Amino acid sequence: MSIQQEVNLKNKLKEVFGYNQFRGNQELIINNIINGKNTFVIMPTGAGKSLCYQLPALSLPGTAIVISPLIALMKNQVDQLNAFGVNAHFLNSTLSKAETNKVKKETLAGEVKLLYVAPESLTKEETVEFLRASNISFVAIDEAHCISEWGHDFRPEYRRIRGIIDQIGDLPIIALTATATPKVQLDIQRNLQMDEASVFKSSFNRTNLYYEVRPKHKTKKQLIQYVKKHKGKSGIVYCLSRKKVEEIAELLRVNDIKALPYHAGLDASIRMANQDAFLNEECDVIVATIAFGMGIDKPDVRFVAHYDTPKSIEGYYQETGRAGRDGLEGNCIMFYSYDDIIKLEKFNKDKPVTERDNSKLLLQEMAAYADSAVCRRKQLLHYFGETFEKDCGFCDNCLHPKERFEAQKEVQLALKAVQLTGERFGIDHITHVLTGLRNQYVTSYDHDKLEVFAAGKEQDAQFWSSVLRQILLSEFLEKDIDSFGVIKLTQKGEDFIKNPQPIQLTKDHNYDQEVKEDEEK
Ligand code: ADP
Ligand code: ZN
């Protein structure tokens with residue numbers, strides 16, 4: 001990059017956006033796309049992804065296309081850019097014919113710097129033709145994880161994007177996401193045919209967020225106490241259903257807390273008014289379904305509570321990520337019960353088989369996270385493909401550690417079970433083999449004839465599942481990148497089987513038991 005180019009970018013950053021400095025990888029990313037290279041950005045929510053395509057769009061001749069899945073999010077960004085004096089527009093189903101024509105005309109005249117397009121609009125023949133006639137600088141694909149069936153927010157139209165870009169022209173692509181596990185990341189790159197892209201992955205560690213999981217027991221009482229402890233501060237309470245949202249908002253209100261509901265069943269005008277009240281601090285707490293928060297930029301949210309257990313770790317991480325964006329305190333609490341997991345599984349029963357299986361795996365990961373007594377941050381970061389060596393000292397499990405036990409024999413046995421079943425199965429299957437469950441899969445693979453079959457029957461399935469997950473965290477095992485849910489041995493794992501060493505593991509929480517004991521008191 002020339003010094004002149006560097007100065008120009010800095011000037012624009014200041015003049016247009018009012019910022020003095022780039023954050024993290026922003027400058028490297030921006031230069032990469034300005035130089036016409038395919039770019040893949042993985043950054044946690046709130047880290048500043050938008051600027052990575054907005055600034056290059058201003059620096060390059062022509063119009064940048066931004067593909068974004070959410071109409072509300074598009075509108076927010078376009079409004080914000082217009083307020084900065086940037087000519088930006090969107091094309092989606094909310095525009096009238098006349099409005100659409102006006103946007104197209106301005107774009108063809110070369111006046112528009114950023115054009116946000118919904119994937120449904122992009123796949124229309126007339127849109128493709130219009131874009132082919134325009135001078136396009138590059139294509140940004142926001143929320144790129146929507147491409148992957150393995151993610152938590154799959155959108156089939158997203159898989160058609162690559163083909164359409166090819167019809168428009170030979171254009172550099174920048175794909176951005178806040179939620180790429182290694183598996184999803186690979187899927188995105190393959191689908192967009194950007195194996196050679198420069199990948200910029202920032203750490204997902206949000207050091208200022210405190211993570212805590214509590215059993216779902218007398219939850220209303222717990223929630224009221226919790227919110228009162230943060231009295232006068234901004235917070236979000238997530239619930240699974242609209243009905244629950246209404247109920248909890250009301251509950252908080254009668255307890256003298258300024259709370260408002262937000263969900264897709266409310267009138268658009270009420271939704272907007274409640275959101276504004278939250279942003280303007282006329283209300284402290286917004287009780288919402290996951291419909292709330294995408295693109296909402298309130299830096300001083302001090303707590304995020306999950307009243308119901310979330311559907312996936314990706315979703316949980318993104319929602320908790322709305323706390324403490326300013327880098328100051330952020331408290332994240334989740335109420336967990338296995339009943340919620342079962343309920344969520346039932347919601348999926350009408351979905352196509354693969355989708356149902358994927359959702360089930362995501363739910364199991366969620367349940368395992370909640371039950372685990374291992375450092376929460378370690379688990380979250382591992383889930384997103386990062387190694388975090390030490391325990392963080394700033395989560396419930398670190399502050400209230402459970403007793404550890406010597407597990408050399410158990411670890412060796414679990415590893416052997418993975419090895420002898422051929423490294424082609426997931427945690428559930430290995431657990432079935434170890435506990436001696438003679439189900440259809442176990443017998444059809446003759447795994448009931450293995451020496452490891454029922455070798456761990458003194459312990460239950462939760463125990464073995466927890467052992468397997470902990471040794472996955474310590475990299476004795478790894479997830480197979482090509483088959484979802486399958487675990488394999490690492491070199492470290494193979495060495496351990498031959499030459500076992502003392503090793504300490506933690507027993508899972510048993511929240512149901514804790515609740516029972518509490519009730520007996
Ligand atoms: P993401 O899309 O990654 O969730 P955003 O693009 O919405 O994040 O940015 C989050 C916040 O950070 C926004 O308020 C944005 O204006 C701000 N921001 C982005 N880049 C910078 C920067 N270089 N300096 C200061 N603030 C920034
Ligand atoms: Zn921790």
Side-chain angles (χ1 to χ4, degrees), residues 9-30 41-58 66 68-70 72-74 76-81 83-84 86 114 116 140-145 174-180 200-213 279 293-301 314 317-327 332 369 372-383 386 388-402 470 473 506:
L9 282 181
K10 275 256 166 71
N11 285 345
K12 278 225 164 64
L13 180 71
K14 178 90 193 137
E15 276 165 27
V16 182
F17 298 93
Y19 305 140
N20 293 317
Q21 264 153 3
F22 288 106
R23 269 194 195 161
N25 287 331
Q26 279 176 337
E27 193 170 16
L28 289 173
I29 294 166
I30 289 167
V41 177
I42 305 156
M43 246 189 215
T45 306
K49 278 185 290 301
S50 324
L51 193 84
C52 298
Y53 54 83
Q54 289 173 343
L55 190 51
L58 301 184
V66 183
S68 169
L70 287 161
L73 201 130
M74 268 185 214
N76 272 355
Q77 288 215 4
V78 167
D79 287 349
Q80 205 173 36
L81 286 167
F84 288 151
V86 175
L114 288 112
Y116 287 73
I141 304 172
D142 206 3
E143 313 285 347
H145 58 274
I174 175 170
L176 310 100
T177 176
T179 57
F200 298 89
K201 183 162 184 172
S202 321
S203 171
F204 275 56
N205 190 7
R206 295 280 310 274
T207 48
N208 59 322
L209 298 191
Y210 177 82
Y211 300 102
E212 177 178 3
V213 179
L279 294 177
M294 287 272 192
I296 299 284
D297 188 17
K298 184 163 170 51
D300 60 346
V301 174
E314 283 96 329
Y317 182 82
Q318 204 158 69
E319 285 136 30
T320 54
R322 303 203 169 106
R325 278 191 176 207
D326 54 9
C332 309
Y369 168 83
S372 173
V374 171
C375 169
R376 304 275 179 209
R377 200 173 309 275
K378 202 178 212 170
Q379 294 183 69
L380 289 173
L381 293 180
H382 184 267
Y383 189 78
E386 261 177 74
F388 191 73
E389 295 289 346
K390 286 199 273 297
D391 288 350
C392 78
F394 194 53
C395 72
D396 56 350
N397 285 340
C398 281
L399 294 191
H400 314 283
K402 287 199 90 169
Q470 288 185 61
L473 274 176
T506 315

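In listed order, ligands and their atoms are each counted from 1. The structure displayed is predicted, hence computed values, not measured ones.
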At a non-hydrogen distance cut-off of under 4.0 Å, which region of Q26 contacts ligand 1 (side chain, backbone, both, or neither)? side chain
Taking the side chain as everything from C-beta on, heavy atoms only, tell me whether F388 gets closer than 4.5 Å to H382. no
Taking only Lys NZ, Arg NE, NH1 and NH2, and the carboxylate oxygens of Asp or Glu, determine whether D142 and K49 approach each other closer than 4.0 Å. no
A47: numbered ligand 1 atoms lying under 4.0 Å from its heavy atoms: 3 (O), 8 (O)
Look up atom CE in M43 and atom CD1 in I29, then write down how far apart they are to the nearest 0.5 Å. 3.5 Å
Between ligand 1 and M43, can you find any atom pair, the residue atom being a heavy atom, that is separated by under 4.0 Å? no
Over 60° means perpendicular and under 30° means parallel, so tell me whether F17 and F84 are parallel, tilted or perpendicular. perpendicular
When you measure from atom 12 (O) of ligand 1 to each heavy atom in R23, K49, R325, which option holds the nearest one? R23
Would you check if the side chain of N397 reaches a backbone N or O of R376 as a donor-acceptor pair within less than 3.5 Å? no
CZ of R377 to SG of C392, rounded to nearest 0.5 Å, is 4.0 Å
Rounded to the nearest 0.5 Å, the NZ atom of K10 sits from the CG atom of L55 at a distance of 11.5 Å
Q21 neighbourhood, listing ligand 1 atoms whose heavy-atom distance to it stays under 4.0 Å: 22 (C), 23 (N), 24 (N)
min-distance protein heavy atom vs atom 11 (C) of ligand 1 -> D297 OD2, 3.9 Å
Looking only at N/O atoms, are G48 and ligand 1 under 3.5 Å apart anywhere? yes
Looking only at non-hydrogen atoms, the one of F17, Y19, Y53 nearest atom 18 (N) of ligand 1 is Y19
Nearest to atom 4 (O) of ligand 1, what protein heavy atom do you find, and at what distance? G46 N, 2.6 Å
SG (C392) to the Zn ion (ligand 2) to SG (C375) angle, given to the nearest 10 degrees: 100°
Quick one: which of G24, P44, S50 has a heavy atom closest to atom 5 (P) of ligand 1? S50
Looking only at the side chains, is there a donor atom on one of T179 and Q318 sitting less than 3.5 Å from an acceptor on the other? no
